[in-house]
Amino acid sequence: MFGFLSNDLAIDLGTANTLIYSANEGEVVLNEPSIVAFNRISKHIIAVGKAAKEMLGRTPRDIQVIRPMQDGAIADFEITEGMLRLLIKRVTQGWRSTRRVVVCVPQGITEVEKRAVRDSCEHAGAKEVYLISEPMAGAIGVGIDVFESKGNMIVDIGGGTTEIAVISLGGIVVSESIKIAGDEMTEAIKNYFKKEHNLLIGDTTAERIKIEIGSAYPLEKEQDFEVTGRNLVNGLPKAIISTSEEIRKALAPTVKEIVEAVLRLLDRTPPELAADIYNSGIVLNGGGALLKGIDKLLKEHTSLPVHIPADPLKSVVIGAGKVLEDIFKYSSVLIRGMRY
Ligand code: ADP
Ligand code: MG
């Protein structure tokens, strides 16, 4: 009722991207890479988000650029807290205090990490902090009725982790989390060029190739493109022509691990719920859902329908936003012990 006086926020604290939904605005107001640039000695934060990403691989010695949420966990507490605080501040206007915050965290997060996330939000001014697991928020975000007595399978391919969960009756029935996702795909492309072409390419280039040319399934129109990097033999800049087929080959082992994790979880799913999933299929969330043909490949291996929402990068924060706006309805899906 007094919502207009405060600024309630839903935050998707991802390993690759942090998104913030504002209840006042009724929309996603921030979408930034989870990257921080700071002074190595003083630990003073110099830039967060896009500005920090642009510094990657181009910094002088005393500036370090890191992704504080590597592998779905908090690799550096102090820096994560600084990042969260700065991002929250950016979307909170003047005197309006942030009252309630719903934060999505990876499924496998530890107690210590939960505390760190909660403390960071409190230090940024939040009075009430609620945590929700990523697959649950993602399911709510794509419009699934999570309270129904019907099984739904969610696969979230993020930067550091792929989280797979079967949800029914407002809870996660079975789940699987592997530390193989988008970053691993980018790394696979880098390693491929190193091994096959003696060419060293940067992370940014490798990620761009993955997004623009990468695929998990044969494309209708395969394509050629030029890659530039450093020749590992003589240390000089070098350009070669590569193909989309080659990139698919480089990505195949990583993609296979994701498919296998889905199959493992299907195998562990109770039969009644498996029957539901046979009809409803699998929902793909996270940036990895955008890898071309990943739906076709999953469909081929599972014989299940595979759905990708219009904007899979936003499902989680949108779901957290719905929870934020109806916290009583969703109180049972919040991570227990985290209601204050
Ligand atoms: P997180 O929740 O861990 O922050 P996201 O869901 O934001 O992760 O997904 C980020 C990952 O998705 C990154 O590894 C990024 O490279 C990858 N990604 C984004 N767009 C695409 C695309 N079109 N094709 C393949 N991968 C993509
Ligand atoms: Mg995510």
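Both ligands and their constituent atoms are indexed starting at 1 by order of listing. When a residue number appears, it is its place in the shown sequence, counting from 1.
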N/O pairs closer than 3.5 Å, ligand 1 and protein:
residue, atom, partner, partner atom, Å
ligand 1, 3 (O), Thr15, N, 3.1
ligand 1, 3 (O), Thr15, OG1, 2.5
ligand 1, 3 (O), Ala16, N, 3.4
ligand 1, 3 (O), Gly159, N, 2.9
ligand 1, 4 (O), Thr15, N, 3.2
ligand 1, 4 (O), Ala16, N, 2.7
ligand 1, 4 (O), Asn17, N, 2.7
ligand 1, 4 (O), Asn17, O, 3.4
ligand 1, 6 (O), Gly287, N, 2.9
ligand 1, 7 (O), Asn17, ND2, 2.7
ligand 1, 8 (O), Gly159, N, 3.1
ligand 1, 9 (O), Gly287, N, 3.2
ligand 1, 14 (O), Lys210, NZ, 3.1
ligand 1, 16 (O), Glu207, OE2, 2.5
ligand 1, 16 (O), Lys210, NZ, 2.6

Give a yes or no on whether a salt bridge exists between [X] and [Y], defined as a side-chain N under 4.0 angstrom from a carboxylate O.
X	Y	value
Lys296	Glu300	no
Lys249	Glu245	no
Arg67	Asp183	yes
Arg90	Glu32	yes
Arg248	Glu222	yes

Could you tell me whether the side chain of [Y] reaches within less than 4.5 Å of the side chain of [X], counting heavy atoms only?
X	Y	result
Glu176	Arg268	yes
Leu266	Ile277	yes
Gln64	Asn39	no

Let's test this: below 2.8 Å, count the protein N/O/S atoms around the Mg ion (ligand 2).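 My tally for this metal is 1.
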Audit row: Ile11, Ile88, side-chain contact (heavy atoms from CB on, under 4.5 Å) steps and yes/no: CA-CA 9 Å; Ile11 304 175; Ile88 291 176; 3.8 Å; yes
